[in-house]
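These numbers come from a predicted model, not from an experiment.
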Amino acid sequence: MGTLNLLQSTSFLDFAVDKIGMVNLNWIGKIIQWLIEGVGIIGLGVVLFTLILKTVVLPLDVYSRVKTKKQALVMEKMRPQMEKLQKQYANDKQMYSQKVMELQKQNGYSMLGACLPMIVSLVIFMLVFSAFSTYSQYANLNTYNNMVDSYNASVQTYVLKDKDGNTVHEDGFLIETVDVSLGDKAYFVDFASFENYYKHDPLTADKPLAENFSALKESEKQVYVKNYVREHARKSAADYYRKNKNNFLWVKNIWYPDSLLNKEIPNFSKFSSAVSRATGSVNDASYEEYYNEVTYYLRNHGYENSSGKIEGKVFNGYFVLIVLAIGLMFLQQFIMMRSQKATNELGTVDGSGAKTNKWMMILMPIIYGVFSFFYSAAFSIYMITNTAFSLITTVVINKILDACYKKYGDEFLRKKPKKGANNRKRLKR
């Protein structure tokens, strides 16, 4: 049997490719995984997860928005007195602040009640966002590792005998062994079996071996074996990806940004940057070599599917989700600024508070845009759904409170008297 240890005589990579260690999900991450993957469509799963989360914290959000709106109405009621104070103490900010605090106390104005629920909601958001970010990296890495499994499984279909000498595939041509110097799996090749296998493979019918293959040098034969096994393994990995694509609407790969600057299958640098936040560094040279091998047909050349369409080597998106995230956040900031107009204008003697809030209306959407640009499309969907939900609840609450104020007037703004308070007042008289 004419065999040769490929690793000992050439420098090309062993056919087997190593996977990257998986991300560990905490209990929140596992719930997120169950919800998102349970839907079947990743994008819809992200929407469902966000809606459930917003529903859970809805009582806190409603309470905070109601308190904020009521305080804004109280501030609007105090406008004439506040404007008078602004003129009176235009050159004395400290005295103005003191008089404003006294006036606010007399009218029951306090933002503290609105801040506490908001802080609790923010803490919950940060915890869940961290778990969601980790899950995104987990899902991205899981897809890649499954491609590695498909790649290695393709190689195994050509194994004639395993390292113990047991027959695996009677028509195979690779013989497993162990490279003593590396401690890794290596392969010998039965070139006669390979020649027979190649000739009977329908996929290579139009690519015949050299007529004098058996007379070629062993190094020349190795080139044929290497190209044959690798090509089929690469296509097997590409097939897995194509059948299990994480696309959503126009976004080709939901675990990367919806951007013309991103490819559906990025280079190793962008891939490692995406998963390293959860797995630690994967910048080892061997990992890059493995990644380039597994994603070869998707990343470099694209891959022709059964319909004749080239997939993989395409833009991942068109900035649509990024623009939506920025636009919705700008709209939410605008509505919040309008609903707290009196607070912004009268909070400081020179009206600088209004200018600060205008800057916030510009900066917050930009920050959202930056996050959406560098994080995944799944993150953009999460933020868009979150903002849209908050926007709707804010508008509805403001409309209801405005109607109640018009109907009940100042009575609507007054705090409910504590039980027995009226009796004590009467006794004092």
Review point. Backbone N or O of H232 within a donor-acceptor pair of the S236 side chain at under 3.5 Å?
Key: no
Point to revise | Partners meeting side-chain contact (heavy atoms from CB on, under 4.5 Å) with D171 (sequence neighbours left out) | key: H169, Y197
Point to revise | Residue pair L261 / F319, side-chain heavy-atom distance below 4.5 Å | key: yes
Check your understanding: Can you name the residues that form a side-chain contact (heavy atoms from CB on, under 4.5 Å) with I392, not counting sequence neighbours?
Key -> V396
**Study point:** Residue among W255, F129, F49, F132 satisfying ring pair (Phe, Tyr, Trp, His ring centres under 6.0 Å) with F379
**Key:** F129
Review point. To the nearest 0.5 Å, what is the distance between CD1 (I366) and CZ (F330)?
Key: 10.0 Å
Practice item. Enumerate the residue pairs fulfilling salt bridge (Lys or Arg N to Asp or Glu O under 4.0 Å) with a member in residues 136-158, sequence neighbours excluded, ordered by first and then second residue. Key: K19-D149
Exercise for review: Compare all side-chain heavy atoms of K226 with those of Q222 and state whether any distance is below 4.5 angstrom.
Suggested key: no
**Study point:** Spacing of CG belonging to L324 relative to OG1 belonging to T387, to within rounding of 0.5 Å
**Key:** 10.5 Å
Exercise for review: Might you point out which heavy atoms bring G45 and V39 nearest each other, and give the distance in Å?
Suggested key: CA-CG2, 3.7 Å
Check your understanding: Taking all non-hydrogen atoms of both residues, which atom of T385 and which atom of I381 are closest, and how far apart?
Key -> OG1-O, 2.8 Å
Check your understanding: Does Y297 reach the side chain of E231, with side-chain heavy atoms less than 4.5 Å apart?
Key -> yes
Practice item. Starting at CG of N145, measure out to CG of N140 and round the result to the nearest 0.5 Å. Key: 10.0 Å
Practice item. For the pair Y228 and Y158, evaluate ring-ring contact (aromatic ring centres under 6.0 Å, His included) and give the outcome as yes or no after the intermediate values. Key: CA-CA 11 Å; Y228 180 85; Y158 309 119; 5.6 Å; yes
Review point. Can you tell me if N26 uses its side chain to pair, donor with acceptor, with the backbone of I28 under 3.5 Å?
Key: yes
Point to revise | Flag, side chain of S380 to backbone of I322, donor-acceptor distance under 3.5 Å | key: no
Check your understanding: Can you name the residues that form a side-chain contact (heavy atoms from CB on, under 4.5 Å) with N142, not counting sequence neighbours?
Key -> M22, N146
Check your understanding: For N152, which residues count as a side-chain contact (heavy atoms from CB on, under 4.5 Å) partner, sequence neighbours excluded?
Key -> A16, V17, V148
Practice item. Check whether any side-chain heavy atom of T50 lies under 4.5 Å from a side-chain heavy atom of F389, and answer yes or no. Key: no
Point to revise | Close side-chain approach of Y382 to L53, heavy-atom, < 4.5 Å | key: yes
Practice item. Run the numbers on I20 and Y290 for side chain to side chain contact (heavy atoms under 4.5 Å, CB included), then give the verdict. Key: CA-CA 10 Å; I20 299 175; Y290 293 151; over 6 Å; no
Revision key, fill the gap. Per salt bridge (Lys or Arg N to Asp or Glu O under 4.0 Å), E264 is matched among K245, R242, K252, K270 by K245
Check your understanding: Please walk me through it: do F271 and I265 pass side chain to side chain contact (heavy atoms under 4.5 Å, CB included)?
Key -> CA-CA 8 Å; F271 169 77; I265 303 296; over 6 Å; no
Study note, to complete from the structure: Of all heavy-atom pairs linking V155 and A233, the shortest is CG2-CB, 4.2 Å
Review point. For the atom pair NZ (K263) and CG (N316), what is the distance rounded to the nearest 0.5 Å?
Key: 10.5 Å
Review point. Are V57 and F125 close enough, and set up right, to give a side chain to side chain contact (heavy atoms under 4.5 Å, CB included), and what steps lead you there?
Key: CA-CA 9 Å; V57 299; F125 168 80; over 6 Å; no
Exercise for review: Compare all side-chain heavy atoms of F248 with those of V46 and state whether any distance is below 4.5 angstrom.
Suggested key: no
Review point. Which atoms form the tightest heavy-atom contact between V251 and A377, and what is the distance?
Key: CG1-CB, 3.8 Å
Practice item. Applying side chain to side chain contact (heavy atoms under 4.5 Å, CB included), run through T295 and M147 and close with a yes or a no. Key: CA-CA 8 Å; T295 62; M147 290 172 65; 4.2 Å; yes
Point to revise | Minimum side-chain heavy-atom gap N262-F315 below 4.5 Å | key: no
Point to revise | Listed once per pair and sorted, the salt bridge (Lys or Arg N to Asp or Glu O under 4.0 Å) pairs that draw on residues 376-392, sequence neighbours left out | key: none
Check your understanding: Do the non-hydrogen side-chain atoms of Y287 and F268 ever get within less than 4.5 Å of each other?
Key -> yes
Review point. Does S133 use its side chain to pair, donor to acceptor, with the backbone of S130 at less than 3.5 Å?
Key: no
Check your understanding: So which heavy atom on Y240 is nearest to which on T143, and how close?
Key -> CE2-O, 3.9 Å
Revision key, fill the gap. One should read off an interatomic distance between E288 CD and E293 CD, to the nearest 0.5 angstrom, of 13.0 Å
Point to revise | Heavy-atom pair with the smallest gap, counting every atom of S136 and S376 | key: OG-OG, 4.2 Å
Check your understanding: So, S390 side chain and N386 main chain: donor-acceptor pair closer than 3.5 Å or not?
Key -> yes
Point to revise | Interatomic spacing from CG in L328 to CD1 in I384 - rounded to 0.5 Å | key: 6.5 Å
